[in-house]
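A quick write-up on the structure given underneath.
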Amino acid sequence: MLRQLALLVLSLTLCWTTFACGSPSGMTANQTQVSTPVPPTAPVSNPSLNSGPTNSGEYSLQQAEYDDATGEYTLMLLGSTPPIYRTVDLQMARLTDEELQAGKQSYASINGDQATLHLTEDFKIGYVHNVTEAQVDPQTGQTETVIVRQESNSWSPFASSFAGAAIANSLFAPRYYVPPVYRSGGNLLGYGGYGNSYNGAVDNYRSRYNTPPAAVKNRQVLRTSGAVRSPSSSSSTPKRQTTNRSTGSGVGSSDLRQPFQQTRPSQTTKRRSPSFGSSGTRRRSSGGARRRR
Amino acid sequence: MAVGKQFNQFFGKTRFVVCRIFLHLSGAEVTPLLGILNQATRDAIAAEGDLQVLGEKLVDVCQALLQFNIYWKTAANEGDVLWDEAEAADYVDELFTDSAQRYLSQPDLAQSDLTQPGFSGKASDQAMFSLPATQNLVVMFTIAGEGEISELETNLADPEAMQDALKALINLHYQGRLRGIQIHFSPAQFGDELTDDQLLQNFPELVPI
């Protein structure tokens with residue numbers, strides 16, 4: 001009797017641990033629950049960098065589009081629900097010769113949150129180019145970058161426009177590719193950079209053109225605060241004892257990829273509690289396991 | 001949690017460290033730092049926030065701070081390790097907003113208008129020639145870096161740990177592992193003052209080192 005009970009408990013534990021390890025989103029939800037007392041509606045969907053079908057598999061590719069303002073790919077897949085798949089994390093490969101001989105068309109293979117495009121040489125990815133311009137906001141006097149208009153073009157990453165492409169294509173392994181420098185009119189051929197990671201591709205592009213690709217450049221959002229932007233008030237400013245804050249300036253920039261708006265959880269006011277640092281008093285007691293003081 | 005970490009490492013997910021460092025310097029001798037800091041922000045704006053340029057400026061500021069190490073008075077740091085890039089981006093934004101609200105985000109125009117030289121009398125002329133040197137200067141860095149940065153993921157309220165951390169920041173720039181950089185400082189310019197009261201009120205987490 002006892003043996004059977006033990007057997008049951010053990011198998012249940014095995015099932016539970018398997019599921020717990022299997023889903024990474026559930027795990028991060030657990031993590032946040034450990035560090036902060038999250039409201040009961042806790043298991044929010046993780047703000048991920050892509051959206052679309054969660055079932056893995058191969059789907060034939062109807063259409064693909066790339067937006068160079070965000071670096072986002074929009075894929076239209078046949079036979080998947082929903083048919084639109086949007087991602088910024090996309091690897092590409094040319095169809096192998098065997099696949100071509102078998103008469104295979106361009107397809108996308110989706111594995112969890114990782115998508116790979118297998119393209120024929122003449123497949124054209126729609127390329128949306130955003131023409132930006134620095135304009136001065138008349139109300140605040142700050143310069144900001146605005147999209148003036150969009151141009152659409154197409155991009156064929158594997159059309160062998162130069163010798164190096166043929167060598168790289170012969171490897172057939174999926175890699176990350178960055179489109180070449182935009183020029184209006186005419187199909188964009190080849191690629192601007194490639195690598196085994198997205199950042200590798202960006203670095204490759206940067207070393208070739210000495211500037212980051214448009215999608216990365218647009219992601220580098222400059223934030224400033226304080227007295228930096230304003231014309232410097234004369235240095236004869238007196239002591240300001242009346243205010244409870246002193247003056248200051250700040251500048252910041254990052255090229256971390258933001259989540260898509262629709263996948264962002266609605267609760268954004270949550271203040272993170274730091275997991276390391278010097279402030280022992282402000283830390284929540286539940287996060288005390290990692291205290292280092 | 002440890003299992004989750006190993007899983008993430010196994011599947012090749014990028015580890016992001018987002019952290020903020022406060023460093024407070026005290027003494028009239030630290031005023032030259034304001035010039036370096038202002039130059040850094042001006043160059044960063046001129047480059048429209050290019051991370052490469054901002055990284056070089058971060059190196060300049062860190063090197064200057066390392067030279068002024070005898071004036072370090074208090075410090076604090078906080079941060080988190082994240083596996084999700086989007087979450088890291090949100091955290092970086094959040095830290096910017098929090099850092100920015102610790103000083104006057106707008107210059108006090110009403111007061112400075114009154115004391116424009118030429119408009120007012122002798123009092124401001126005198127004030128122009130004798131500028132008060134600030135006794136306190138607070139520099140706040142926020143960085144988002146890739147990988148494991150053990151020098152930063154610790155308690156930095158210690159002179160040696162802080163030195164190592166500033167050196168680590170310089171190295172991170174040259175290793176190309178910085179994905180987000182913010183530099184804040186208060187007061188803004190020579191002639192402005194950050195008093196002890198303001199320091200206590202707006203930077204409660206500072207710990208003497």
Side-chain angles (χ1 to χ4, degrees), chain A residues 21 24 27-28 30-31 34 46-49 134 145 203 212 217 220-230 232-259 264 268 271-279 281-282 292-293, chain B residues 1 4 7 41 44-45 48-51 54 76-81 84-89 91-92 96 99-100 103-105 107-108 111-112 115-117 124 127-128 132 142 144 153-157 179-194 198 201-202 205 207:
Chain A
C21 292
M27 214 152 54
T28 41
N30 281 344
Q31 277 178 12
V34 167
N46 220 14
S48 63
L49 293 169
T145 310
D203 285 345
K217 210 189 279 176
Q220 288 180 353
V221 189
L222 176 70
R223 272 185 84 177
T224 58
S225 69
V228 230
R229 290 276 195 185
S230 59
S232 66
S233 52
S234 65
S235 57
S236 65
T237 336
K239 285 186 192 180
R240 294 201 188 99
Q241 298 287 4
T242 48
T243 51
N244 65 347
R245 281 178 169 82
S246 179
T247 55
S249 303
V251 65
S253 170
S254 92
D255 67 351
L256 292 164
R257 281 183 269 184
Q258 296 276 355
R264 191 190 283 266
T268 48
R271 176 90 175 85
R272 294 192 72 90
S273 60
S275 69
F276 59 84
S278 61
S279 56
T281 48
R282 290 187 348 150
R292 301 221 179 162
R293 285 194 74 183
Chain B
M1 196 129 159
F7 255 80
T41 48
I45 290 169
E48 288 178 349
D50 187 61
L51 267 184
L54 201 50
N77 74 312
E78 61 176 340
D80 211 344
V81 176
D84 186 11
E85 188 165 348
E87 242 178 82
Y91 191 32
V92 167
F96 188 97
S99 301
Y103 50 82
L104 280 178
S105 56
D108 209 342
Q111 267 187 337
S112 53
T115 54
Q116 285 287 332
S124 78
M128 207 169 78
T142 305
E153 294 168 45
T154 175
N155 178 10
L156 296 182
R179 297 290 304 278
I181 302 167
Q182 294 166 10
I183 305 171
H184 294 263
F185 53 94
S186 175
Q189 56 184 346
F190 181 53
D192 292 349
E193 263 196 296
L194 176 66
Q198 289 168 342
Q201 207 174 350
N202 296 314
E205 59 269 86
V207 181

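Here is the naming used below: chain letters follow the sequence lines, and residue numbers restart at 1 for every chain. Owing to the predicted nature of the structure, the values given are computational and were not obtained by experimental measurement.
Heavy-atom distances place both the backbone and the side chain of B:Ala76 under 4.5 Å from chain A. Heavy-atom distances place the side chain of B:Leu54, and not its backbone, under 4.5 Å from chain A.
The side-chain heavy atoms of B:Thr41 and A:Thr224, taken from C-beta on, include no pair separated by under 4.5 Å.
Of all heavy-atom pairs between B:His184 and A:Gly250, the closest is ND1-CA, 3.4 Å. In terms of heavy-atom proximity, A:Ser246 sits nearest to B:Leu194 at CB-CD1, 3.5 Å. Closest approach of A:Val251 and B:Phe96 over heavy atoms only: C-CE1, 4.0 Å. The two residues A:Ser275 and B:Asp80 make their nearest non-hydrogen contact at OG-OD1, 2.9 Å. Looking at every heavy atom in both residues, A:Pro274 comes nearest to B:Glu78 through CG-OE1, 3.5 Å.
Under the 3.5 Å distance criterion, the side-chain polar atoms of A:Ser278 are matched with a main-chain donor or acceptor of B:Asn77.
Ranked by heavy-atom pairs under 4.5 Å with chain A, the first of B:Gly49, B:Pro187, B:Gly79 is B:Gly79. Contact count against chain A (heavy-atom pairs under 4.5 Å) is highest for B:Arg179 among B:Gln182, B:Arg179, B:Gln201.
Rounded to the nearest 0.5 angstrom, A:Ser253 OG and B:Ile45 CD1 are separated by 11.5 Å. Of the inter-residue distances, the one linking A:Ser254 atom OG with B:Ile181 atom CD1 reads 9.5 Å to the nearest 0.5 angstrom.
By the side chain to side chain contact (heavy atoms under 4.5 Å, CB included) test, B:Ala88 is found to be paired with A:Leu256, B:Phe16, B:Val18, B:Leu82, residues two or more places apart in sequence or in another chain being considered. Annotation: side chain to side chain contact (heavy atoms under 4.5 Å, CB included) contacts of B:Ala188 (sequence neighbours excluded): A:Ala227, A:Thr247, A:Ser249, B:Asp192.
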